[in-house]
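Worksheet for the structure shown next.
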Amino acid sequence: MAMDISEVEEFARKCRVEIVKMVHRAQAGHPGGSLSEIDLISALYATRLRVKPENPDWNDRDRFILSKGHASPGMYAILAEMGFISHEDLKSYRVKGGVCQGHVDMKWCPGVDFSAGSLGMGLSFGMGCAIAAKLDGSNRNAYVMVGDGEIQEGSVWEAAMAATHHELGNLKLFVDCNGIQNDDFCEAQMRMFDIPAKWNAFGWAVKVIDGHDMTSIVEAIDWMDSIQDKPAVVIAKTIKGKGVSFMENNPAFHGAAPSDEQLAQALSELGVEA
Amino acid sequence: MSRMAATRDGYGDALLALSDNPKVVVLEADLGKSTKSLHFRKAHPERTVSCGIGEQNMLLVAAGMASNGYIPFASTFAIFTERAFEQMRNGVARPNLAVHLCGSHGGTHTGTDGSSAQSIEDLAIYRTLPNVVVMHPCDDVSTKALTMQLPDLGKPSYMRTARNKTPVLYDGKEDDIQIGKGVVLREGSDVAIIACGVLVHESLEAAEKLSAEGIEATVVDMHTIKPLDTDLIDALAEKCGAIVTAEDHSVIGGLGGAVAEHVVGSTPVPIEKIGVQDRFGESAGAEEMLEMMGLKSHHICDAVKNVIARKV
């Protein structure tokens, strides 16, 4: 699927609409981190990822591992736009028997490559996918998305060190730096200081971008894919809740649903006509 | 005198024997020399993934490889697998990815390294995970036979091996070993001794001593703790009317716990559990540890007499 920048922006806008609808319908879930990550994942799926929605288990597909698995509404919105699941399936978010489990789950939902839920696990899993691709002699990539709060988990750094040791040029990471975690701003919970310097020190190729500027994102993905001798990380400065004014940069919307009135306002801000 | 060997050597031999399958991969956390995956590494460095001293990462790298069609065998000390328990739970067991985890140096028999290295809870914790097969074989032959069956299992597993040598029981009898099936090593109708790992040999020794006193015991090598061979246990409960379990593991939640949980709901009979009595070990020789923890054949004999006295 090759889209130009404005088409990818429209793709992301449609996903934002589905995110707020899903969380409102379930009256639970994580809108803030879904809205911060969505421009990055939209660009990845709409312009780059080699996948076949009609054959989700195609072994030579690129893998996408959403390690911050609570931000599942973003993932489900993408999968619906891509055609892995239907828009009707989105109504099953957090509903008994639904393909859209609370946290993304490879056993429940077509197109999901990793069963997430506990933070700090996806980069290691992606590393396993990357090693398998090399053993297969395949040029498929493993792309992983973590949150900035998530990198407080020590196991992330086990993986960061190991991926460089194994020279995994087919492992690509996004860090969604929205600056907010469950209880409060990251600055209050656990200051991480110079995040790019940390990845540099672990031997990764590092690029810092505005995670809501679609041109920068697409260029960053091009850059990532050009790195072949070591793992590459795009550190994206994002805004938690991006696109819905009252959710933006608001820790209260890490894991809270909008009311009926708030939904109406959110949809209006996202360009949905009443 | 029978041949002596350590179960971890059976594991290492099996990995090498399995290496003809190009999908078999080995993951290490800086203990390949100890768990014996080193033989595979030397023969197939391209299919061996060093994870450094990082067990949490190792379990999930293995999960990622399994999701791509590989058959990963990851090993470290039993105790260090435990720091990756949540990775095993959420990253391996929950998506039912066929990662095969081996924890060597399990139990107090590990000896002089002391209590930090003597896992006495591994069988209990892995047994609680849906989809996970849990094994603790008693000799190198059965360890190899069980490991050779794992590529066809199609689900995750945990196997505990031991550091130190014990008598070999299965030379020439590899075909007797099947995942999920207990092996009756000796027949008797007064009591059933159900054992695993290093205590299988102790149980056989106990049975010989008891026989001299007129007590005939059935001895079972229950190398698979999960799924438990409940048909065999029910038949033995019916036949013998009393059970002693024996393991180098806490009496809480391991083989004894599994047998008791089953029997109470099917054929309730008196049970005595030989195992570590809710305490930590210390530095001592392997045999000294078994004595200190109450795991020797004479302790098993005492338990047998106690349980027979409780028969109704």
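Sequence lines set the chain letters: A, B, ... in the order given, protein chains first and strands last, and positions in each chain run from 1.
Identified by a heavy-atom distance below 4.5 Å to chain B, contributing residues of residues 191-200 of chain A are lacking entirely. Residues of residues 106-130 of chain B never come closer than 4.5 Å to chain A when only heavy atoms are counted.
With a 4.5 Å cut-off on non-hydrogen atoms, A/Ala142 does not touch chain B at all. When heavy atoms are compared at a cutoff of 4.5 Å, A/Asp136 approaches chain B by way of both its backbone and its side chain. Contact annotation for B/Leu97: only side-chain heavy atoms (C-beta onward) come within less than 4.5 Å of a heavy atom of chain A.
For B/Lys226, the NZ atom sits in a packed shell: over 12 heavy atoms of surrounding residues, nucleotides or ligands are nearer than 6.0 Å. In the displayed structure, A/Glu167 atom CD is contacted under 6.0 Å by at most 12 heavy atoms of other residues, nucleotides or ligands. In this structure, A/Asn55 places its CG atom where more than 12 heavy-atom neighbours from other residues, nucleotides or ligands lie under 6.0 Å away. Applying the 6.0 Å contact sphere to CD of A/Glu88 captures no more than 12 heavy atoms from other residues, nucleotides or ligands. In B/Arg83, the CZ atom is not crowded: 12 or fewer heavy atoms of neighbouring residues, nucleotides or ligands sit closer than 6.0 Å.
Highest contact tally toward chain B, considering only A/Met121, A/Arg63, A/Met127, A/His166, is held by A/Met121 [criterion: heavy-atom pairs under 4.5 Å]. By number of non-hydrogen pairs under 4.5 angstrom with chain B, the leading residue of A/Gly122, A/Ala159, A/Ala162 is A/Ala159.
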Can you give each donor-acceptor pair under 3.5 Å made by side-chain atoms of residues 92-99 of chain A, sequence neighbours left out, with the distance rounded to 0.1 Å?
residue	atom	partner	partner atom	Å
A/Ser92	OG	A/Asp89	O	2.7
A/Ser92	OG	A/Val99	N	3.3
A/Ser92	OG	A/Cys100	N	3.2

For residues 50-61 of chain B, which side-chain N or O atoms pair as donor and acceptor with protein atoms under 3.5 Å away, sequence neighbours left out?
residue	atom	partner	partner atom	Å
B/Ser50	OG	B/Gly52	N	3.4
B/Gln56	OE1	B/Gln87	NE2	3.1
B/Asn57	OD1	A/Ser124	OG	2.5

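Under the 4.5 Å side-chain criterion, counting only non-hydrogen atoms from C-beta, B/Arg94 is not in contact with A/Lys107.
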Practice item. Assess whether side-chain contact (heavy atoms from CB on, under 4.5 Å) is satisfied between A/Arg140 and B/Asn68, documenting all intermediate values. Key: CA-CA 11 Å; A/Arg140 66 181 186 263; B/Asn68 280 248; 2.9 Å; yes

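Here the closest non-hydrogen pair linking B/Ser67 and A/Met106 is CB-CE, 4.1 Å. Shown here for B/Pro95 and A/Ser115, the closest heavy-atom pair between the two residues is CB-OG, 3.7 Å.
Once rounded to the nearest 0.5 Å, the distance linking CE of B/Met65 with CD1 of A/Ile131 reads 5.5 Å.
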